[in-house]
Amino acid sequence: MAKILVVDDSAFQRKNIISKLTNADHEVFAAGDGLEGIAATEEHQPDLIVSDLLMPNMDGFQMIEELYKKGSKIPVIVLSADIQSSSHDRVMELGAFAKLDKPPTLEALLEAVDKALS
Amino acid sequence: MPGIDEIPNNSIIEKIPLGILVLDSNYIIQEWNKVLENWTGKSKDTVLGLDLRVLYPNISENKYQSRFNALFKGGPPMIFSSQLHKYLLPIEVKNGLLARQQVTVSPLENESGEVLAMICIQDVTDLSDRINAVKVMRDQALDEIKIRKKVEVELEELNKEFQAFSSRVAHDLRGPFSLCSSLSDLGLIGDPSFDMNDLFQRIKKASGEGLRIVEGLYKLSGLTSDKLIYSKVDLNKMVLDVCDLMDLDIAKSNLKIENECQHTFEGCAEVLPQVFQNFISNAMKYCQVEKPMLRISSEEKGDLIVLHFEDNGPGIPEKERGEIFKSFFRLKQHSKLEGVGLGLSLVKKVLDMHKAQLMVGASENLGGARFSISFSKTKQVD
């Protein structure tokens, strides 16, 4: 069992991911944007972050940048419907562990999570 | 320099397929063989002792005379090539065409030491014709290569476009299908915090979205210019008909539509409503303001009828205006909204079939986007 933080501004998508991760026996926390994500990371020290990209206040790019600037070593899996290769490249350059198309299938999500935690 | 005695005897001169004549330094003809008789129709008896320049005045041209004079003064042999000079003696071969001649002129010496000119003329008309035919073939082959290269570039472009289109289709179909899959997973997990009815509603909506994409693709693939039937299109009536058809959706979206169309033109009434439906749908989708508004108007400009769609939505950033007609392109600012982005590609295809021009800009009146479509009043054929 791992501690996982889910960051997404869509309540339904958040609930969707949380339900699947909880069902896979993980302890899950949630945040609604990048700013909340940083605060929740500091508070819960998760083993893994699963985050959306396009969010109000602070988007996924900024959040990842901010976290790694602060020395975080927590792997981040990015979920996004943005298929532009430039976005994918930027996310990976920032140090994300993986980028999955949104919404991911259960199998794809759990496989990426397992890899990130191993 | 060979002497005139060394000229091959008559029997040889008459047998070789060359026109041979000998001139003295006054251009008086001393020798005229049978081949020349055949070519010119002038017998040896009638030309011997005549000035060649009288028979063929072109010999007086400086380009010939200066070189002959040089030869008579001990200059070297010379060649008048068929490529450069075409002929020395203008002899008609067929249909008024003059024989092409390869000419060599060599000096000879007579008994009294006078320098004579022996002129050997080879008829290369057939050879030249063959060379010209080969040149024509070569030019045709080069043209063909150019066309092929152009077609190759066009095919490459089309292929790139098709690949990009396929990629967008795959992505946009993946969206609703993966959403269905993701939502079904939630149902299978049996998380009691999810309302099953809500999940099914979402699955239905996502699958409907996928179906709309497929239907849009069908429409794109089925639309070809040769299938269009043209008739007089009354824009005002078409707007009213489309609004009637979309009545419920329009009411739900709160979109106010102002119809100021009043013109007619020759168009295909079967596919044009697609244009109106898409602009109305997009206005409903993207005009996320308190009082969304779409104004549809028309104006006459010379031979054109210009149809305008203006809204009070967020407008289209200038740098993205060229992109919006690529199939499935969706503006970044709208990437979280529902919709498949296929509509405008369909619109563009319908407009291309009508040879209509579309401009994208900003609406001065309403503050949002403005799409202006110029239709020709009469049917435009290829």
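To find a chain, count down the sequence lines: A is the first, B the second, and so on, and within it residues start at 1.
- When L188(B), D191(B), L183(B), L186(B) are compared by the number of non-hydrogen pairs under 4.5 Å with chain A, L186(B) comes out ahead.
- Within a 6.0 Å sphere centred on CD of E154(B), heavy atoms belonging to other residues, nucleotides or ligands number more than 12.
- Heavy atoms from other residues, nucleotides or ligands lying under 6.0 Å from CE of M196(B) number more than 12.
- Heavy atoms closer than 4.5 Å to chain A are found in the side chain of L199(B), but not in its backbone.
- In this structure, the portions of N16(A) lying under 4.5 Å from any heavy atom of chain B include both its backbone and its side chain.
- Residues meeting the side chain to side chain contact (heavy atoms under 4.5 Å, CB included) test with D244(B), sequence neighbours left out: none.
- The environment of F12(A) atom CZ is dense: over 12 non-hydrogen atoms of other residues, nucleotides or ligands sit within 6.0 angstrom.
- When the heavy atoms of residues 103-117 of chain A are compared with those of chain B, the residues falling under 4.5 Å are P103(A), P104(A), T105(A), L106(A), listed by number.
- Looking at S193(B), the atoms closer than 4.5 Å to chain A (heavy atoms on both sides) sit in the backbone and in the side chain alike.
- R295(B) is linked by a side chain to side chain contact (heavy atoms under 4.5 Å, CB included) to E258(B), E260(B), E310(B), N365(B), L366(B), counting only residues two or more places apart in sequence or in another chain.
- The contact between S181(B) and chain A is made entirely by side chain atoms (from C-beta outward), counting heavy-atom distances below 4.5 Å.
- Distance alone, capped at 3.5 Å, places no donor-acceptor pair between the K20(A) side chain and the I189(B) backbone.
- Contacts between residues 28-49 of chain A and chain B, counted as heavy-atom pairs separated by less than 4.5 Å, involve no residue at all.
- Atom CG of L79(A) is separated from atom OG of S182(B) by 9.5 Å, given to the nearest 0.5 angstrom.
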